[in-house]
Undergrad: 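Below are the structure tokens for one structure; questions will follow.
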Amino acid sequence: MPKTLVIVESPAKARTIEKYLGKGYTVESSIGHIRDLPRSAAEIPERYKNESWARLGLNVEEDFRPLYVVSAEKRQHVARLRKLTSEADELILATDDDREGESIAWHLLQELKPKVPVRRMVFHEITKEAIQSAIQHPRDIDTNLVEAQEARRALDRLYGYEVSPVLWRKVAPKLSAGRVQSVATRLLVERERERMRFVSAGWWDIEAQCDAAGAQFPARLTELEGRRLALGRDFDPLTGRLKPGSEVALLDEPQARALAEALTGSALTVTSAEEKPYTQRPYPPFITSTLQQEGSRKLGFGAQRTMRAAQKLYEGGYITYMRTDSPSLSAEAMTAARSQVKAMYGDAYLSPQPRVYSSKSKNAQEAHEAIRPAGNSFRTPDSLRAELGTDEWRLYDLVWKRTVASQMADARGRRMQVRLGGQTRDGRPVQFSASGRAIDFPGFLRAYVEGSDDPAAALEDREVILPPLTQGQAVTGQRMDASGHETQPPARYTEASLVQALEAAGIGRPSTYASIIGTIQDRGYAAKKGSALVPTWTAFATSALLEHHFSSLVDYDFTARMEEELDDIAGGRKQRTPYLRGFYLGDQGGMGLKPLIASNMEAIDARAVATIEVPRLAGSGIEVRVGKYGPYMSQGEARANIPEDLAPDELTLERAQELMSRPSGDQVLGQDPETGLPVIAKAGRFGPYVQLGDTTPPSRTASLFPTDDLNTLTLERALQLLTLPRLVGTLEGEEVWALNGKFGPYLKRGTDSRSLTSHEQLFTVTLPEAEALFQQPRFRGRGATAGPLKSFEYPDRTAISLRSGRFGPYLTDGERNATLRKGEDGPDLSADDARSILEERGKEPKKKPGKPARKAAAKAPAKAAKKPAGKASAGRTGRSAPAEGGMAIHTPLKSAARKAPAKAAGKSKSAAKKPATAPKAALAWADLKPHLGVLSEQERALVTATREQGRKVEEVAPGLGLDIKKAKGMALQASKKLNQAARGG
DNA sequence: CAGTGAGCGAGCTTCCGCTTGACTT
């Protein structure tokens, strides 16, 4: 009997399909993509590591050829599939019928290298009929569709891996940019900007309680003396004033109260009464985005929680696949839904015709059905109560109701609109209006009412029943209440509404909606506040950078345009390579990401990027910046941190001034019981510290430990810190002190010193311990961790030791070192592992400044030469000065020296790679000048005057309003900053 | 610009989409 291997994407699907196919078929799953571009250096195969494009994982110099690797997690699984393939007589690739699915099929083909016949089959619903029919109608792999997927993949990689480093350089390390996340972040930022610009406005109107022959109903004043009363929409959100040209009447509180008084008990007449019938159609069955939205509105679940519950339901066979963009129901589902409607609600509630739904989104790929109860007869939620967990049951209930409702009859009702005329006691004409809504036949609403995340709209929508009213009828305005209103800023995005907005713009896919929200939170671009997503100041800085310098990349239409191109590629009308050349290199009018990055790396002023425009602070002299330690404000030389929980739109001028006047780092914690002096916590140049006394200079100061937090510091702790430095005791007539220094905690004895391993030791270290430390040699003797952790011996080479270092565990044989990567560390590390790691990645330590390169360097195996020598464009190599004497020479010669090794790379790699570095040597003004952006205005003025014009600090300082001592300090700091910036710090 | 004792293996971060467990909090 011939054996056929069928491969689908999901294991749960594999189980179901195997049942339908019966004997002779083995159904396995790929578990998603089986290979991808390498994620990081660790995944790049050794033979490609030296390629200039290795970092990107695709050869941008040769047609953007991708480098695919099977990740470590997938290796075993792929090996298993390969084995199963070799045992089968036929292979059927049954991955999803969409761009990614086609690509998975192609990757399987590439990776499994089957020697048996291969067919491709597709289906859109998992029903017995659909599967059996699909297997009768196989086709070939659509290579154009695969090309489109590869283009998409390449573009995303290029965007992400080229633009992210710009952010590392200009904003903060570890940030990220991407086609999807950057637009999502921008949406949040733009909305917050609107809220920051928003000026609230107040207005008043009157609520009337009317009586029509004993029947009560509410009405609202809408016109006064022929003029319509102002509503929220009449106000300009930017000024809080009525929009220019508005002919509306505006009441303030006293006017409204007086008017209410004057109208109480007045006689009104019905001037018009209209009644209009309406019908409402049910909502389409769930797709991923609507499921997440309703999960949020009705169940209060985050997107992740909804998807977790859905995954469980799917795996248990309760619902169909949960990552879909198609609202269509299979024939069996339609029948099931309709028969259930009939059985549970009766014929009257059944839609006369089967309702067919199709996707509204033009980027939908519709590889699956809608999300619905599984099977050809739906199990009712009640019948499942006992077998499902709480979250799962509630979600199933939602899915069931929505699916059933989608085949039910329209809801029918009437909308009523009534106008009432009258006049005030002093004869001014007024008009009231009342509206009502009555449902005559609920139809599908019996089963399902869509939730709303706009409470105001929900309020308006509630059913209000008016008594029967006819034109000319007399009505009494029994009670009149003045009521005040305020315009509200646009609401922040929630997880659900962000997903909705992204989907509407065709950005992201069902499988990624939930993780997009995770990503922007992980990168520190947004934080949840209740259900709202609040963008951080970092998000503002990043978004502004991208909007100003990479505007087309964060355009809301970017993805839509990309999709059009991909459609053309999938349809064979265009080709992948020219498209990518345009995008990356700028061919044929393409955007040219690479040259854009190159020019922006130079052009973008990091300091300007870090400064965030806050309209409410315009003209105040207060600037908001994101710095290394978080967001802060500056006004001249004064600084104040912005509290973490302060949302950007809450930073009003008043709040900013309050924070500036009482900087968070300047808190009086209390009094020192001994001296009676105040204990003050401050944020200083070297980080947070406490001081005793408010004199200049204070009587004592002490830095906080890294574990301390300025905001939660107690008086008790501050006093403890202020006991430092502590006299530990005396050794041979020399005092031993425990101090907290710039490199951390240490002991001092005369001119000798030793580091301590933890800050808390400052309080606990004893004299004998101190003595033991001083007996150990200086830098090797770091507390208990001194010496190798482990040592490996070999018959044929020198021993390798495992040590704990500043950057974590590393291996060394005395000549070369290699830092261990994640997962390599630990007790499992064998001698063989250690040897191969060191041989593969071992690097010689850097040379001391000023020393000529040792001969050993030239003999070092080529492998040790990690980076290709001529990579000057990355701005990282070639920075080390080629001078022998420790001084850098900065003339045009230097750039020649930079380029030279590129040509000589083949012959003298190691020589080119390792010029004697002189990291501490001062750089020349010409090299420093481009980095002036990192300095404050005062610093810049100082440095420019001294370095460029050759003036002395003493003569420049008074002009800048600085005293000479301060100015000298500032000049020193500024110079350090500049050098650091120029070296790429 | 609160003030402090030295000088030490760097190398990685990052994208979007397709899928599940196997891990630990």
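In the text below, chain A, chain B and the rest are named by the order of the sequence lines, each starting its count at 1.
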Undergrad: Which listed nucleotide (dC16(B), dC18(B), dT13(B)) is nearest to the side chain of D98(A)?
TA: dC18(B)
Undergrad: What is the separation between atom OH on Y746(A) and atom C1' on dC8(B), rounded to the nearest whole Å?
TA: 18 Å
Undergrad: Can you tell whether the side chains of R153(A) and E100(A) come within less than 4.0 Å, N to carboxylate O?
TA: no
Undergrad: Reckon R152(A) touches a base, only the sugar-phosphate, or nothing at all at heavy-atom distances under 4.0 Å?
TA: base
Undergrad: T324(A): what forms a side-chain contact (heavy atoms from CB on, under 4.5 Å) with it, not counting sequence neighbours?
TA: T288(A), S326(A), H368(A), I371(A)
Undergrad: Is S164(A) touching bases, backbone alone, or none of the nucleic acid, heavy atoms closer than 4.0 Å?
TA: base
Undergrad: What's the closest nucleotide to the side chain of S40(A) if the choices are dG17(B), dT13(B), dG21(B)?
TA: dT13(B)
Undergrad: Using atom NZ of K13(A) as one end and atom P of dC18(B) as the other, report the distance to the nearest whole Å.
TA: 12 Å
Undergrad: Applying a 4.0 Å non-hydrogen cut-off, can you work out what G178(A) is touching in the nucleic acid: base, sugar-phosphate, or nothing?
TA: sugar-phosphate
Undergrad: Expressed in angstrom and rounded to an integer, what is the separation of I507(A) atom CD1 from dC16(B) atom P?
TA: 11 Å
Undergrad: For Watson-Crick and G-U wobble pairs within 3.5 Å on both distances, what is DNA chain B written in dot-bracket notation, | included for inter-strand pairing?
TA: .........................
Undergrad: Is there any protein nitrogen or oxygen under 3.5 Å from a nitrogen or oxygen in nucleotides 23-25 of chain B, and what are the pairs?
TA:
none

Undergrad: Holding to salt bridge (charged side-chain N to carboxylate O under 4.0 Å, His left out), I want the full list of residues that pass it with E147(A), two or more places apart in sequence or in another chain.
TA: R576(A)
Undergrad: Closest to the R153(A) side chain: dC15(B), dA6(B), dT14(B)?
TA: dC15(B)
Undergrad: Among dG3(B), dT20(B), dT14(B), which nucleotide sits nearest the side chain of Q311(A)?
TA: dT20(B)
Undergrad: Output all residues satisfying salt bridge (charged side-chain N to carboxylate O under 4.0 Å, His left out) with R509(A), sequence neighbours left out; order by chain, then residue number.
TA: D325(A)
Undergrad: Looking only at side-chain atoms of R523(A), point me to the closest of dC16(B), dT14(B), dG21(B).
TA: dT14(B)
Undergrad: For D96(A), report the nucleic acid contact type (base, sugar-phosphate, nothing); a contact means any heavy atom under 4.0 Å.
TA: sugar-phosphate
Undergrad: Rounded to whole Å, please give me the gap between CZ in R323(A) and P in dC18(B).
TA: 9 Å
Undergrad: Of the nucleotides dC18(B), dC15(B), dT20(B), which one has an atom closest to the side chain of T519(A)?
TA: dC15(B)
Undergrad: Under 4.0 Å, counting only non-hydrogen atoms across every strand here, what does Y159(A) touch: a base, just sugar-phosphate, or nothing?
TA: nothing
Undergrad: When you measure from every atom of DNA chain B, which of residues 508-517 of chain A have a heavy atom less than 4.0 Å away?
TA: G508(A), R509(A), S511(A), T512(A)
Undergrad: So what does G744(A) touch, heavy atoms closer than 4.0 Å: a base, only the sugar-phosphate, or nothing?
TA: base
Undergrad: Consider the side chain of Y689(A), meaning its heavy atoms from C-beta on, and name the nucleotide among dA2(B), dT4(B), dG17(B) that approaches it most closely.
TA: dA2(B)
Undergrad: May I ask you to say what L175(A) touches in the nucleic acid, namely base, sugar-phosphate or nothing, with a heavy-atom cut-off under 4.0 Å?
TA: sugar-phosphate
Undergrad: Whole-Å distance between dT14(B) P and I597(A) CD1?
TA: 17 Å
Undergrad: Classify the nucleic acid contact of A12(A) as base, sugar-phosphate or nothing, counting any heavy atom under 4.0 Å across all strands shown.
TA: nothing
Undergrad: Base, sugar-phosphate alone, or nothing: which one does E9(A) contact when heavy atoms must sit under 4.0 Å apart?
TA: sugar-phosphate
